[in-house]
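Structure first, then comments.
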Protein chains: 2
Amino acid sequence: MTIESEDLAAPRKTGAALVDDLAEQIRNRIMTGEIPIGAQLRQAELASNFGVSRTPVREALRQLQTSGLIEVLPNKGAVVSVPAPWDVREAYEVRAELEALAAARAVRRITRDQIEQLRTANQEMYDHSMAQGASTVPAQHDHRRSNDLFHTLIASISGNARLSKAINDINETFPRNVSAQLVVNDARHRDENFHEHERILQALAEGDVAQAADQMRQHVIKAGEQLARWYELRSSTVFRG
Amino acid sequence: MTIESEDLAAPRKTGAALVDDLAEQIRNRIMTGEIPIGAQLRQAELASNFGVSRTPVREALRQLQTSGLIEVLPNKGAVVSVPAPWDVREAYEVRAELEALAAARAVRRITRDQIEQLRTANQEMYDHSMAQGASTVPAQHDHRRSNDLFHTLIASISGNARLSKAINDINETFPRNVSAQLVVNDARHRDENFHEHERILQALAEGDVAQAADQMRQHVIKAGEQLARWYELRSSTVFRG
DNA sequence: CCTCCCCTCATTGGATCCAATCTTAGGGTC
DNA sequence: GACCCTAAGATTGGATCCAATGAGGGGAGG
């Protein structure tokens with residue numbers, strides 16, 4: 001309808017939440033690895049990329065800065081944060097505690113239907129990692145989505161929006177192309193992940209609060225450990241100027 | 001109506017982290033209640049107030065927006081968030097879990113000196129609330145600082161920077177003039193607060209992980225409950241256009 | 001050949017400009 | 001008097017402008 005000149009990704013011209021929109025899109029590009037870790041974020045480049053001026057881009061970058069995804073060096077511009085392994089471990093210890101709380105709260109609130117939804121999500125995740133070509137990019141994407149769904153579902157069932165947000169905030173600090181590959185790449189990890197989810201599910205179904213929290217905590221800690229190790233070995237995904 | 005006094009508060013013209021500085025100062029004004037809950041934040045007013053143009057102010061507001069302290073309504077400007085009581089309860093349940101984790105971790109790392117520091121902070125807090133004129137503004141300020149010190153000390157002893165930050169982020173969502181008054185205003189609350197701190201301290205000293213976590217969790221939940229109740233009754237501290 | 005310095009260009013950062021939207025006051029109508 | 005419509009003022013939001021800082025490159029001196 002309206003003539004969109006240079007914007008490849010649709011930057012909703014609602015005239016309203018444009019800045020939030022930009023932030024979201026830049027965040028996505030980082031999370032998917034399209035913009036690699038350590039890369040410089042040039043205001044002018046992003047601006048022309050989205051077909052806007054630098055002003056809203058700068059505001060979007062400020063948002064990403066406070067959410068911790070990028071770092072802004074005065075007079076030198078923004079770079080995508082490169083999480084140190086110990087930072088990952090610290091963050092995931094926090095996330096583990098939060099998700100454990102979510103699981104514990106979920107026990108009292110979960111319905112049979114929701115248990116089924118979780119089972120489905122977990123099964124889908126497993127299937128995606130078993131299907132042929134599980135190492136292709138779209139398959140990894142599907143796998144990640146199912147895995148995310150499992151966790152976000154439990155968070156939302158917990159009935160505490162703030163808790164969901166806190167968990168999400170931590171997640172969005174670490175680009176996903178990295179974290180997703182962990183599980184898919186390795187058959188053992190993929191299997192373990194599935195079974196850990198099953199154990200959590202069982203605890204939820206049985207109404208065992210302590211067990212649900214414990215299993216979730218261990219599960220997240222383990223995932224964090226894998227992610228941290230990945231960051232230790234990484235080099236291919238880091239942008240080197 | 002607006003008396004434009006230029007930069008009353010020193011806006012470090014380091015030319016560098018000016019935006020972060022502005023955000024910090026605006027945050028302070030909100031936290032102290034100088035800018036009340038629900039108040040409109042006019043870009044032009046803030047700009048002339050700090051002696052800068054609107055551009056850095058806008059970026060600072062974006063930071064405060066993502067940290068949740070203010071809300072930005074498209075084309076209508078920024079407003080200091082008015083936390084709903086249930087939001088306070090949710091946030092404090094999260095905070096309770098985080099501080100419980102911090103206390104648990106602190107048990108293994110705390111030194112005798114640090115235990116003494118905590119004891120001192122707690123005693124100071126008590127003294128400030130006992131001194132004559134405890135209801136004066138500066139006394140409340142001192143009381144709050146001692147109380148904060150107690151909590152931030154434990155968080156820092158936990159040795160997990162991310163955890164400290166997560167706790168701090170939650171704290172900075174709810175203006176303090178409000179939360180501080182809770183304890184000081186009521187002799188019973190003041191006493192309970194002191195004794196709860198003592199119990200936490202004892203658990204830390206005895207090396208009782210479970211007890212430290214439990215006591216801290218209960219303590220924070222209780223504080224959250226008081227804060228939530230305050231928000232339910234509030235009306236004096238809310239700005240009404 | 002290496003090092004240091006200076007010049008130039010790229011980029012950021014604050015200020016300013018102008019369009020778009022919202023708010024509000026005034027006047028007209030029922 | 002209540003309601004709506006319109007027009008002017010206020011405010012936000014994106015674009016543009018220019019100063020300031022930083023990075024890179026070439027030349028002079030060692």
Side-chain angles (χ1 to χ4, degrees), chain A residues 2-7 9-26 35 38-66 69-81 239-241, chain B residues 1-4 6-7 9-26 35 38-66 69-81 239-241:
Chain A
T2 38
I3 299 174
E4 306 240 358
S5 49
E6 309 174 2
D7 40 338
R12 220 181 278 162
K13 45 192 51 178
T14 55
L18 188 143
V19 170
D20 303 82
D21 235 45
L22 285 176
E24 180 63 25
Q25 298 201 37
I26 298 173
I35 301 177
Q40 278 269 343
L41 295 169
R42 298 284 168 212
Q43 298 174 0
E45 185 179 344
L46 291 170
S48 76
N49 233 318
F50 290 110
V52 297
S53 82
R54 281 172 48 215
T55 311
V57 170
R58 280 164 63 175
E59 294 183 21
L61 290 180
R62 288 300 182 183
Q63 293 186 329
L64 297 179
Q65 177 194 14
T66 65
L69 190 58
I70 71 175
E71 281 166 26
V72 176
L73 313 175
N75 289 322
K76 294 182 69 178
V79 291
V80 181
S81 304
F239 180 86
R240 307 182 176 285
Chain B
M1 185 69 187
T2 46
I3 304 170
E4 312 297 356
E6 302 202 351
D7 51 320
R12 220 181 280 161
K13 36 196 64 177
T14 55
L18 188 144
V19 171
D20 303 81
D21 235 46
L22 285 177
E24 180 64 26
Q25 297 201 36
I26 298 173
I35 301 176
Q40 277 270 343
L41 295 169
R42 299 283 167 214
Q43 298 174 359
E45 186 178 342
L46 291 170
S48 76
N49 234 318
F50 290 111
V52 296
S53 83
R54 281 172 50 216
T55 310
V57 170
R58 281 164 62 176
E59 295 183 20
L61 291 180
R62 289 299 181 184
Q63 293 187 328
L64 298 179
Q65 176 194 14
T66 65
L69 190 58
I70 71 176
E71 282 165 26
V72 176
L73 312 176
N75 290 320
K76 294 181 67 177
V79 182
V80 181
S81 303
F239 181 86
R240 305 181 178 286

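Each chain gets a letter, A, B and so on, in the order its sequence line appears, and its residues count up from 1. These numbers were taken from a predicted model, which means no experiment stands behind them.
- If you take CG of L73(B) and P of dG13(D), they are 9 Å apart, rounded to a whole angstrom.
- Nucleic acid contact class of L61(A) (heavy atoms, under 4.0 Å, all strands): none.
- Side-chain proximity of N75(B) to the nucleotides dT12(C), dA15(D), dT21(C) is greatest for dT21(C).
- An end-to-end axis angle of 10° holds for the helix from dC1(C)-dG30(D) to dC30(C)-dG1(D), taken from five base pairs per end and rounded to 10°.
- As rounded to whole Å, 16 Å separates atom C1' of dG13(C) from atom CG of L46(A).
- Interatomic distance, CZ of R58(A) versus CD of Q65(A), reported as 12.5 Å (0.5 Å rounding).
- Between Q65(A) atom CD and dT12(C) atom C1' there is a gap of 14 Å when expressed in whole angstrom units.
- Between dA10(D) and Q43(B), no contact under 4.0 Å exists linking OP1 or OP2 to a side-chain N or O.
- Taking atom CZ on R54(A) and atom P on dG13(D), their separation rounds to 19 Å, with Å as the unit.
- For the pair A78(B) and R58(A), nearest-nucleotide mapping onto DNA chain D gives the more 5' position to A78(B).
- Counting to the nearest Å, the C1' atom of dG13(C) and the CD atom of Q63(B) are 14 Å from each other.
- Here the options are V72(A), V79(A), I35(A), the test is side-chain contact (heavy atoms from CB on, under 4.5 Å), and the partner is L41(A); only I35(A) passes.
- Comparing P56(A) and K76(A), the nucleotide of DNA chain D nearest to each residue sits closer to the 5' end for P56(A).
- Between dT11(D), dT12(C), dT16(D), one nucleotide has an atom nearer to the side chain of R42(B) than all others, and that is dT11(D).
- A23(A) and A60(A) get closest at one heavy-atom pair: N-CB, 3.7 Å.
- Put simply, CG on L22(B) is 8 Å from P on dG14(C), counting in whole angstrom units.
- As rounded to whole Å, 16 Å separates atom P of dT12(D) from atom CD of E59(B).
- L41(B) places its CG atom 9 Å from the P atom of dT12(D), with the value rounded to the nearest Å.
- Each of dT16(C), dT12(C), dA15(D) was ranked by its minimum atom distance to the side chain of T55(B); first place goes to dT16(C).
- Residue L61(B) is tested with L46(B), V19(B), L22(B) for a side-chain contact (heavy atoms from CB on, under 4.5 Å); the sole match is L46(B).
- Atom-to-atom distance recorded for K76(B):NZ and E71(B):CD is 12.0 Å, nearest 0.5 angstrom.
- Atom CD of E59(A) is separated from atom CZ of R54(A) by 12.5 Å, given to the nearest 0.5 angstrom.
- Side-chain proximity of L18(B) to the nucleotides dT12(D), dG14(D), dG14(C) is greatest for dG14(C).
- Counting all heavy atoms, side chain and backbone alike, A47(B) lies closest to V57(B) at CA-CG2, 3.7 Å.
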